[in-house]
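Throughout, protein chains are lettered first and strands after them, A, B, ... in sequence-line order, and every chain is numbered starting at 1.
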Amino acid sequence: MSEVFQAPVGTHDVLGDESARWEGVIATFAQLAYRYGFSMIVTPTFEDVGVFNRGIGEKSEVATKEMYVFEDRGGRSYALRPEGTAPVVRAFVQHNPTPPFKAWYFTPAFRYERPQKGRYREHHQLGAEVLGSEDPAIDIEVISLLNDYFRAVGLKRFRILINSMGHDECRLAYVETLKAYLAARVDSLCAEHQKVWDTNTLRLLDCKKSECISVTDAGPQLPDHLCADCDAHFEKVKYGLDALGIACERAPRLVRGFDYYTRTTFEFVSDALDGAQNAIGGGGRYDKLAEQLGGSPTPGIGFGSGVERLLLALEAEGVTKPLIDRTPSVFVVDTTEDDVATALCYELRAAGIAAVRAYDNRSMKAQMKVADKSGARFALLIGPQELAAGEITIRDLRSAEKVEQVSFPRSEVLAEVLLRLGK
RNA sequence: GUGGGCGUAGCUCAGUUGGUUAGAGCGCCAGGUUGUGGUCCUGGAGGUCGCGGGUUCGAACCCCGUCGCUCACCCCA
């Protein structure tokens with residue numbers, strides 16, 4: 001047993017019933033993203049470490065101690081992606097597509113940290129990004145896409161937190177004001193922030209310790225320091241969401257973990273999950289990121305949403321049924337030496353029918369058991385009798401007491417199955 | 001990085017103060033009148049009790065170490 005390899009710490013295999021749930025939420029997202037005018041983007045799983053250092057901030061928690069960084073044989077320094085946005089922006093800068101560029105993705109994300117419920121070293125995110133416009137309508141679209149998505153998969157108990165961090169000038173000015181205010185009150189902060197209050201000052205707003213909260217509550221507030229433009233932009237976003245009936249909570253303390261955010265930031269939190277891991281999706285504007293990655297100034301906005309966490313939230317709300325049906329329509333039982341099943345399955349599948357079968361020449365009873373467990377609506381039986389008569393017996397597996405079973409000539413079976421399946 | 005809990009069959013677990021060939025349920029396999037599932041009955045396969053060392057006449061059980069899993073803190077999806 002100890003010789004058997006296991007999935008690395010903080011990673012998971014997804015199989016069986018669980019994978020159908022994954023397929024469901026991914027397909028739902030892909031469909032919605034298409035409806036919103038997004039096309040799929042696939043970027044490398046690893047990038048030059050600079051993409052993330054410059055993007056999410058060298059001093060950020062993720063960049064300093066959570067990145068999987070490695071050197072390849074050529075001495076280049078790479079990092080497994082810790083998040084989805086920076087790679088998309090890097091790709092945008094590299095290829096310079098015509099804006100607005102709207103892309104969605106499904107990707108693994110890697111962070112070296114101690115795993116726990118709802119937090120893993122490799123998790124998966126569905127995300128969407130728009131580059132090339134600072135129109136508040138884009139902010140609204142992006143947030144409503146995520147909102148639609150969560151509703152579509154059956155999530156009910158979630159809230160949307162929204163904030164504006166201002167553009168560079170007003171945010172940096174605010175940070176200076178905040179620093180000056182804090183400098184005189186360092187002793188009143190929580191133990192952790194007494195040490196790091198001046199390196200990552202904004203993050204202090206997000207501290208949950210009562211000491212920090214009371215200090216920052218009494219201090220200068222970010223919303224009061226937005227310039228007129230940023231303020232107007234934010235008002236339009238809020239107004240637009242309100243007009244769509246999408247309720248948002250103003251969250252002045254919402255400061256997300258990556259340095260690239262400007263103006264609109266938002267987070268979707270599940271009330272069905274415990275506080276520490278209740279964020280099921282989050283994002284915001286990053287109007288300077290393209291420049292930071294060497295491109296021409298291009299505003300952008302997007303979000304990432306954790307698949308594992310969403311599935312946990314759904315489970316917590318009692319939604320465990322996969323969104324898509326992956327049960328087969330028919331199960332072919334063949335006990336003859338002629339292996340009619342192979343050709344029959346081929347024909348059924350070509351006609352768009354999900355057909356499965358048993359293997360290894362098992363007994364009829366054994367094959368029927370498997371057929372039952374597969375959830376298939378019909379069993380197609382081929383035994384010596386059918387073989388001799390050139391027929392196939394169609395048995396309705398849903399029938400319980402009175403068994404419903406009829407034989408048809410081999411040539412008529414496909415049409416009969418299609419008819420019975422209502423296709 | 002810090003702290004708590006747990007490692008016995010594929011899964012969920014039981015195993016009394018250390019005492020013979022380690023159990024249950026589910027799952028799996030095979031049967032239950034001559035080809036037919038879901039209920040029921042019978043039988044069967046499957047475990048070096050995470051790994052290593054120690055104490056003991058004797059260890060799944062006690063001690064030490066080690067590896068793994070898990071939960072929480074920090075932070076995030």
Charged N-O contact under 4.0 Å between A:Arg357 and A:Asp334: no
Atom P, compared across B:rC61 and B:rA77: separation rounded to whole Å: 45 Å
Sugar-phosphate, base or nothing in reach of A:Glu122, heavy atoms under 4.0 Å: nothing
Any N/O donor-acceptor pair, A:Lys365 side-chain to B:rG32 base, under 3.5 Å: yes
base_contact_polar (B:rA72 base, A:Glu113 side chain, donor-acceptor, <3.5 Å): no
NZ/NE/NH1/NH2 to OD/OE distance under 4.0 Å, A:Asp217 and A:Arg253: yes
Touch class at under 4.0 angstrom, heavy-atom based, for A:Ile280 against every strand present: sugar-phosphate
Options B:rC75, B:rU70, B:rG68, nucleotide nearest the side-chain atoms of A:His12: B:rU70
Lys/Arg-Asp/Glu bridge criterion (N-O < 4.0 Å) met for A:Arg54, A:Asp48: no
Nearest-angstrom distance, P atom, B:rG19 to B:rU12: 26 Å
Distance-only donor-acceptor test (3.5 Å): side chain A:Gln116, base B:rU70: no
Touch class at under 4.0 angstrom, heavy-atom based, for A:Gln277 against every strand present: base
Cationic N near anionic O, under 4.0 Å, A:Asp360 to A:Arg362: no
Phosphate contact (B:rC29 OP1 or OP2) by A:Arg362 side-chain N/O below 4.0 Å: yes
Sugar-phosphate, base or nothing in reach of A:Gly127, heavy atoms under 4.0 Å: nothing
Nucleotide of B:rC28, B:rA72, B:rA77 approaching A:Lys373 most closely (side-chain heavy atoms): B:rC28
Identified side chain to side chain contact (heavy atoms under 4.5 Å, CB included) counterpart of A:Phe266 within the set A:Val237, A:Leu146, A:Asn163: A:Leu146
Aromatic stack A:His123/B:rA77: centroid gap under 5.5 Å, interplanar angle under 30°: yes
Beyond-backbone contact of A:Thr85 with A:Tyr105, side-chain heavy atoms, under 4.5 angstrom: yes
Residue A:Lys369, side-chain atoms from C-beta onward, closest of B:rA77, B:rG37, B:rU2: B:rG37
Whether A:His12 and A:Tyr120 hold their rings parallel, tilted or perpendicular, with breakpoints at 30° and 60°: perpendicular
d(CZ, A:Phe5; P, B:rC69) in whole Å: 14 Å
Strand RNA chain B in bracket notation, Watson-Crick/G-U under 3.5 Å with | for pairs to another chain: (((((((..((((.....[...)))).(((((.......))))).....(((((..]....))))))))))))....
P atoms of B:rC51 and B:rC11, separation to the nearest Å: 15 Å
Under-4.0 Å salt bridge between A:Arg256 and A:Glu267: yes
Listed nucleotide nearest any side-chain atom of A:Arg395, set B:rU36, B:rC69, B:rA72: B:rU36
Of A:Ala7 and A:Leu381, the one whose closest RNA chain B nucleotide lies more 5': A:Leu381
Which nucleotide in B:rG37, B:rA30, B:rA72 has an atom nearest any side-chain atom of A:Asp274: B:rA72
Touch class at under 4.0 angstrom, heavy-atom based, for A:Ala371 against every strand present: nothing
Test item: side-chain donor near acceptor, A:Gln405 and A:Thr393, under 3.5 Å: no
Whole-angstrom distance between B:rU8 and B:rC69, as gauged at atom P: 14 Å
Residue whose closest nucleotide on RNA chain B lies nearer the 5' end, A:Tyr112 versus A:Gly281: A:Tyr112
B:rG25 to B:rC40 separation - P atoms, rounded to the nearest Å: 13 Å
Length of the line joining A:Phe150:CZ and B:rA77:P, which is rounded to integer Å: 12 Å
Whole-Å C1' distance, B:rU21 and B:rG32: 30 Å
Distance flag, aromatic centroids of A:Phe29 and A:Phe106, threshold under 6.0 Å: no
Sugar-phosphate, base or nothing in reach of A:Thr107, heavy atoms under 4.0 Å: nothing
Nucleotide nearest A:Glu66 (side chain, heavy atoms from C-beta), chosen from B:rU36, B:rG3, B:rC75: B:rC75
Touch class at under 4.0 angstrom, heavy-atom based, for A:Val9 against every strand present: sugar-phosphate
Touch class at under 4.0 angstrom, heavy-atom based, for A:Ile382 against every strand present: base
Below 4.0 Å: OP1/OP2 of B:rA77 and any side-chain N or O of A:Arg256: yes
Sugar-phosphate only, base, or nothing, as touched by A:Gln367 at under 4.0 Å among non-hydrogen atoms: nothing
Euclidean distance, atom CG of residue A:Asp17 to atom P of B:rG27 [Å, nearest integer]: 14 Å
